[in-house]
Structure formats: structure tokens, C-alpha cells
*Asks:* 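Can you read through this structure? Questions will come right after.
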Amino acid sequence: MAKKNIFTDSFGNIYILKRIIIFILGVVSYRRFNGFNKLKITGTENLTDLPDSNVLFVSNHQTYFADVAAMYHAFCAVNNGYHNTIKNPVYLLNPKVDFYYVAAEETMNKGILARIFKIAGAVTVKRTWRAEGKNINRMVDMSEIENIMKALDNGWVITFPQGTTSAFAQGRKGTAKLIKNQRPVVIPIKINGFRRAFDKKGLKIKVTGVKPTMEFQPALEIDYDNESATEILDKIMHAIGQTPEHNLLHDYDVKQKEIKSQSQQ
């Protein structure tokens with residue numbers, strides 16, 4: 001697989017251009033996370049002493065871009081020795097550039113801003129179950145899997161195993177299968193409050209005074225040889241708070257469905 005060099009990352013993107021883009025996006029978005037709203041970050045001590053490559057972050061997803069932008073701030077801050085805070089944006093002068101995130105291809109091809117985000121580190125994939133608002137069923141493009149593996153071979157990668165911003169959506173086994181094959185260090189991230197603070201795209205502020213949270217957890221303990229993809233996925237979904245027991249409305253929804261079913265009999 002292709003390797004990065006001193007001038008470009010593993011996908012041929014020029015480092016100087018990436019640094020400029022990350023700096024500009026960081027400056028533009030900074031007040032969203034430490035001004036209009038106050039991002040609370042915890043657990044970044046779990047990011048110290050991680051290897052420079054083959055680290056996979058798994059997270060729940062609430063907006064298209066605000067989640068990732070906030071993570072860029074957190075990673076760049078940690079890269080410069082600031083833990084659990086983004087109060088000193090000087091870290092934007094020395095960003096973490098070997099950082100990638102998995103994103104839906106149809107999302108990253110819409111508009112200039114999305115394309116700029118793509119240069120900053122997006123690894124695009126085509127959803128196998130949904131496209132353009134319709135349910136579909138298509139085969140996995142193996143070249144896309146190779147691109148994710150290439151990113152892991154050369155840096156850190158974040159993926160959203162649910163593949164959607166909908167809360168408590170089912171996780172996709174593709175993430176777990178990739179973990180079994182690639183054997184990365186897996187760091188769960190649990191976020192909250194982004195959906196309330198920002199619109200679905202994460203570009204507009206809906207409410208000010210919100211305190212979104214971002215929690216970095218210890219690396220998952222995974223038996224790569226003996227645990228199945230299903231077992232690994234269950235661990236991930238529990239760690240990022242997306243299993244039924246984390247849904248405060250789950251029991252209520254189940255009871256309402258039972259009542260509705262009985263009334264129709």
C-alpha cells in the first residue's frame with residue numbers, strides 16, 4: 001500500500017495544503033465549540049502513548065460535519081500537549097495531519113465546503129444499504145476497504161459504525177470485520193449535545209449555551225483471534241452508548257408498540 005512521505009499523505013494530498021485547510025477550518029469553527037457553545041472534553045489521557053498508526057476511533061454520530069470538526073480540535077490540542085481542553089487554539093498552528101475519517105461519498109460530494117473537508121482527511125465510502133434517501137442493497141466496494149486500511153497503515157482513523165446520524169441505529173458489521181482483519185487499537189468516543197446545538201449538517205448553530213460533550217474511552221480489549229465480528233460490534237455499540245439499555249425511551253417505545261398491537265387485534 002502507498003506510504004506517506006515528507007510532502008504528501010498516503011493519498012497524495014499535500015501536507016502544506018492540509019495544514020492550511022485545517023488551520024482555516026479550525027479558526028472558523030473555534031467559537032462554535034469555545035464561545036457560542038462550550039465543548040466539554042474528557043478522557044484525552046487515553047490518547048497518550050498511542051502508536052502513530054493503526055489506531056481506529058469509533059464514535060456515535062450526530063451531525064455531518066460538527067462532530068468531525070470538534071474531533072479535529074481535540075486531536076490537534078492533544079498533539080500539542082493540551083488535555084481535555086481546546087482553550088488555547090495555538091494548537092491549530094501545529095495540527096495532526098495524519099488523521100482520517102470515514103464518510104459517506106454522497107455527503108462529501110455536495111458543495112465546496114464538503115470537498116474542502118474531503119481534502120482535510122476524508123476517506124469516502126458508498127453506503128451499501130442506503131443512497132439518496134432510498135433503501136438499497138449493493139455489494140461492498142473492496143477498493144474502499146483498501147483505502148481505509150491504507151489510512152490505518154499511515155495514521156489514525158475515525159469511523160462511525162452506525163453510518164448515520166440517527167440515534168440508536170444498528171451498527172454495521174463492516175467495522176467489526178475490518179477490526180478483525182487489521183487488528184488496530186480501538187478507542188471508543190461517545191458524544192452528546194451536538195444534535196441539539198447544530199443543524200443536521202453541523203454547519204449552522206441552532207441553539208447557543210449548549211455544552212456538547214466528547215468522551216474518549218480507554219482502548220477496547222479485543223480478542224482478535226477468538227471473538228466474532230458480532231461480539232466485537234456489540235462491544236463497540238455498548239462503549240459508544242448506542243445499545244437499547246442506553247436509550248431512556250426504549251422501554252416506553254416497546255410498551256407503546258405492544259399497546260398498539262393489542263388494540264389492533
Side-chain angles (χ1 to χ4, degrees), residues 1-30 44 47-59 61 64-82 86 89-126 140-161 174-175 178-179 181-187 189 202 216 219:
M1 292 186 177
K3 294 288 184 179
K4 61 187 178 183
N5 57 52
I6 60 173
F7 300 109
T8 63
D9 68 11
S10 54
F11 295 95
N13 295 313
I14 301 171
Y15 276 134
I16 293 178
L17 180 59
K18 288 186 72 171
R19 287 178 178 275
I20 292 172
I21 289 174
I22 293 171
F23 176 80
I24 293 174
L25 291 176
V27 169
V28 171
S29 64
Y30 181 73
T44 58
L47 307 186
T48 58
D49 301 322
L50 288 176
D52 292 332
S53 62
N54 209 32
V55 178
L56 182 68
F57 296 87
V58 291
S59 176
H61 201 18
Y64 291 165
F65 299 114
D67 308 5
V68 174
M71 290 172 191
Y72 264 104
H73 278 282
F75 284 120
C76 291
V78 171
N79 193 50
N80 289 272
Y82 300 103
I86 59 169
V90 68
Y91 55 74
L92 292 172
L93 295 172
N94 182 36
K96 185 170 182 61
V97 289
D98 290 316
F99 169 63
Y100 307 90
Y101 60 97
V102 180
E105 185 179 81
E106 61 180 281
T107 300
M108 301 312 296
N109 287 333
K110 294 179 180 179
I112 296 297
L113 186 58
R115 294 177 185 274
I116 292 174
F117 264 97
K118 189 174 181 179
I119 295 173
V123 180
T124 59
V125 297
K126 294 184 289 291
V140 174
D141 187 336
M142 294 309 297
S143 66
E144 295 173 347
I145 301 300
E146 290 176 1
N147 283 337
I148 298 174
M149 292 173 66
K150 182 195 296 186
L152 280 169
D153 281 341
N154 292 276
W156 293 0
V157 177
I158 180 160
T159 189
F160 304 97
T175 298
L178 176 69
I179 289 170
N181 291 332
Q182 188 74 6
R183 303 190 174 202
V185 176
V186 180
I187 305 288
I189 306 174
F216 294 90

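Since this is a predicted model, take the numbers as computed values, not measurements.
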*Asks:* Looking only at heavy atoms, which two atoms of Tyr15 and Asn5 are closest? And how far apart?
*Replies:*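 Heavy atoms only, the tightest pair is CE1-O, 3.0 Å.
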*Asks:* Using every non-hydrogen atom in the two residues, find where Val157 and Ile148 come nearest and quote the distance to one decimal.
*Replies:*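 Smallest interatomic distance, heavy atoms only, reads CG2-O, 4.4 Å.
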*Asks:* Show the nearest heavy-atom pair for residues Asn154 and Asp98, with the distance to one decimal.
*Replies:*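 Minimum heavy-atom separation between Asn154 and Asp98: O-CB, 3.7 Å.
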*Asks:* Working to the nearest 0.5 angstrom, can you tell me the gap between Asp67 CG and Tyr101 OH?
*Replies:*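 That separation rounds to 11.5 Å.
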*Asks:* Any donor-acceptor pair under 3.5 Å linking the side chain of Tyr72 with the backbone of Ala120?
*Replies:*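 Side chain of Tyr72 to backbone of Ala120, a donor-acceptor pair under 3.5 Å: yes, one is there.
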*Asks:* Can you name the nearest heavy-atom pair linking Leu93 to Arg19, along with the distance?
*Replies:*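 For Leu93 versus Arg19, the nearest heavy atoms are O-NH1, 4.4 Å.
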*Asks:* Would you compute the distance between atom SG of Cys76 and atom NZ of Lys96 and round it to the nearest 0.5 angstrom?
*Replies:*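 If I round to the nearest 0.5 Å, the distance is 9.0 Å.
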*Asks:* Which pair of non-hydrogen atoms, one from Ser29 and one from Leu25, has the smallest distance, and what is that distance?
*Replies:*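 Answer, listing the atom of Ser29 first, then Leu25: OG-O, 2.8 Å.
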*Asks:* Where is the tightest heavy-atom contact between Met71 and Ser59, given as atom of each residue plus distance?
*Replies:*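 Taking every non-hydrogen atom into account, CE-OG, 3.5 Å.
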*Asks:* Take the angle between the ring planes of Phe57 and Trp156 and call it parallel below 30°, perpendicular above 60°, tilted in between.
*Replies:*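 The rings of Phe57 and Trp156 sit tilted, inter-plane angle from 30° to 60°.
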*Asks:* Would you compute the distance between atom CE of Met149 and atom OG of Ser10 and round it to the nearest 0.5 angstrom?
*Replies:*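 Rounded to the nearest 0.5 Å, the CE-OG separation comes to 12.5 Å.
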*Asks:* Where does the angle between the aromatic ring planes of Phe216 and Phe75 fall among parallel (under 30°), tilted (30 to 60°) and perpendicular (over 60°)?
*Replies:*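 If you compare the ring of Phe216 with that of Phe75, the planes turn out perpendicular.
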